[in-house]
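All remarks here apply to the structure that follows.
A, B, ... follow the sequence lines: proteins, then strands. Residue 1 opens every chain.
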2 protein chains.
Amino acid sequence: MSDLEAISLKLEARGHRVTPSRRAVIAAILQQSEHFTVDDLLSYQGAGRATVFRTIRLLTEIGVVCRVLMEDASLHYRVSERGKHHHHVVCSDCGRVQDLDQCVIADVMRELSSATGFEIEGHWLELYGKCSQCRSRSRAVLAG
Amino acid sequence: MSDLEAISLKLEARGHRVTPSRRAVIAAILQQSEHFTVDDLLSYQGAGRATVFRTIRLLTEIGVVCRVLMEDASLHYRVSERGKHHHHVVCSDCGRVQDLDQCVIADVMRELSSATGFEIEGHWLELYGKCSQCRSRSRAVLAG
DNA sequence: CGTCTCGGTGAGACTAAGTATCACTTGGAG
DNA sequence: CTCCAAGTGATACTTAGTCTCACCGAGACG
Ligand SMILES: [Zn+2]
Ligand SMILES: [Zn+2]
Ligand SMILES: [Zn+2]
Ligand SMILES: [Zn+2]
């Protein structure tokens with residue numbers, strides 16, 4: 001089963017129609033690498049502006065894509081293999097993204113709940129750094 | 001020394017002028033409670049739109065205000081008593097904000113650096129929940 | 001078969017949160 | 001006092017998205 005089919009089924013399962021426009025948006029998304037903006041999708045044609053936004057929102061809601069907050073505070077999207085809550089490390093050099101398997105701060109949050117008096121219910125966490133490839137590349141450059 | 005004076009000194013120390021417009025923006029900021037948007041400041045008059053934005057950016061850069069990413073992804077600002085890196089817990093009911101003393105995920109990040117191969121250099125973390133007051137209020141309602 | 005309905009669509013207007021431009025003003029060093 | 005870089009503000013522009021509304025079309029119903 002192709003990715004497009006799998007996503008189509010997921011949509012249908014929730015009572016959404018799989019229209020040509022939506023198929024076009026999904027196809028465009030599947031061609032992106034790492035992460036993309038809605039603007040990247042708009043260049044692909046096949047669905048109007050409003051529909052692209054609506055489709056992205058829909059896909060976000062059903063967990064097919066996830067949102068990535070970049071260091072410059074702009075919002076990108078990314079195909080999510082894991083449907084559930086997770087976090088990313090974004091390479092600030094090449095943009096490569098690594099999904100983290102599970103929520104890395106579940107323990108910390110539990111501690112904080114008792115320390116602050118807040119009942120902590122949600123959080124937003126993004127991590128930024130340099131991936132191993134970019135690090136070895138810059139080491140090579142330094143070494144001449 | 002008033003807060004306004006303290007901030008003025010901080011600006012001057014970094015080679016920025018303390019102009020009437022900036023004073024007006026700072027005064028407006030000091031009147032806000034918890035957190036605010038740039039729009040909240042615009043209603044105060046005393047500086048043009050562009051200047052309000054420029055001043056907020058400046059104050060963010062020198063650590064006088066910090067940015068708070070709300071659950072709806074909108075960006076708010078908040079006077080920062082601690083100049084250094086820290087995080088917040090935002091009450092999703094009443095909007096109250098609690099600053100966390102130090103970075104709560106420093107340990108987690110260290111672990112991740114070795115686990116992922118990324119050299120993690122930065123992060124963005126916001127926490128959302130219900131403050132103790134809002135929790136006891138809702139308990140009271142439930143109890144009738 | 002007709003036709004009704006309702007989810008979906010697209011053009012385009014609108015909004016929110018800023019940034020860019022550029023002529024003008026002004027604080028303060030010399 | 002003079003001068004100029006820093007700062008200002010009106011306004012145009014941008015980015016990322018939502019809203020509106022007439023229209024389309026697939027399927028349920030008769
Ligand atoms: Zn990289
Ligand atoms: Zn998490
Ligand atoms: Zn509260
Ligand atoms: Zn931190």
Can you name the residues that form a salt bridge (Lys or Arg N to Asp or Glu O under 4.0 Å) with R78(A), not counting sequence neighbours?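 Once residues adjacent in sequence are excluded, the partners of R78(A) under the salt bridge (Lys or Arg N to Asp or Glu O under 4.0 Å) criterion are E34(A), D99(A).
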Are the side chains of H85(A) and H123(A) in touch, meaning some heavy atoms are under 4.5 Å apart?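 Yes, close enough: below the 4.5 Å cut-off.
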Is there a side-chain contact between V18(B) and I26(B) (heavy atoms, below 4.5 Å)?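 When only atoms from C-beta onward are counted, I26(B) and V18(B) do not touch, as no gap falls below 4.5 Å.
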Considering only distance and modelled atom types, tabulate donor-acceptor pairs under 3.5 Å from the side chains of residues 55-72 of chain B, sequence neighbours left out.
| residue | atom | partner | partner atom | Å |
| --- | --- | --- | --- | --- |
| T55(B) | OG1 | T51(B) | O | 2.7 |
| T60(B) | OG1 | I56(B) | O | 2.7 |
| D72(B) | OD1 | S74(B) | N | 2.9 |
| D72(B) | OD1 | S74(B) | OG | 2.8 |

Please check this pair: side chain of Q32(A) against backbone of A28(A), looking for a donor-acceptor N/O pair closer than 3.5 Å.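 Side chain of Q32(A) to backbone of A28(A), a donor-acceptor pair under 3.5 Å: yes, one is there.
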Does dG17(D) have OP1 or OP2 sitting under 4.0 Å from an N or O in the side chain of Y77(A)?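 Looking at the OP1 and OP2 atoms of dG17(D), one of them is under 4.0 Å from a side-chain N or O of Y77(A).
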Taking all non-hydrogen atoms of both residues into account, name the closest pair between Y128(A) and W124(B) and its distance.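 Result for this residue pair: CE1-N, 4.1 Å.
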Pairs where residues 6-55 of chain A contributes a residue and the test ring pair (Phe, Tyr, Trp, His ring centres under 6.0 Å) is met, not counting sequence neighbours: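 Checked against ring pair (Phe, Tyr, Trp, His ring centres under 6.0 Å) - neighbours excluded - the pairs reaching residues 6-55 of chain A are H35(A)-H76(A).
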Could you identify which residues of residues 61-73 of chain A place a heavy atom less than 4.0 Å from some atom of DNA chain C, listed by residue number, or say none?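 Nothing qualifies; none.
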For the pair made of [atom1] in [X] and [atom2] in [N], what is the distance, rounded to whole Å?
| X | N | atom1 | atom2 | value |
| --- | --- | --- | --- | --- |
| L41(A) | dT15(D) | CG | P | 16 Å |
| L75(B) | dG17(D) | CG | P | 14 Å |
| D40(A) | dG17(D) | CG | C1' | 15 Å |
| H76(A) | dG17(D) | NE2 | C1' | 14 Å |
| I56(A) | dT9(C) | CD1 | C1' | 17 Å |
| E12(A) | dG27(D) | CD | P | 10 Å |
| L42(B) | dA16(C) | CG | C1' | 12 Å |

E111(A): side chain to side chain contact (heavy atoms under 4.5 Å, CB included) partners, not counting sequence neighbours: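 Scan of E111(A) (side chain to side chain contact (heavy atoms under 4.5 Å, CB included), adjacent residues dropped) gives none.
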Which letter, B, S or -, goes with each nucleotide of nucleotides 5-10 of chain D from 5' to 3', with contact meaning a protein heavy atom under 4.0 Å? BBSBBB
Could you walk me through whether R135(A) and D93(A) pass the salt bridge (charged side-chain N to carboxylate O under 4.0 Å, His left out) test, one step at a time? CA-CA 9 Å; R135(A) 277 195 294 146; D93(A) 252 29; over 6 Å; no
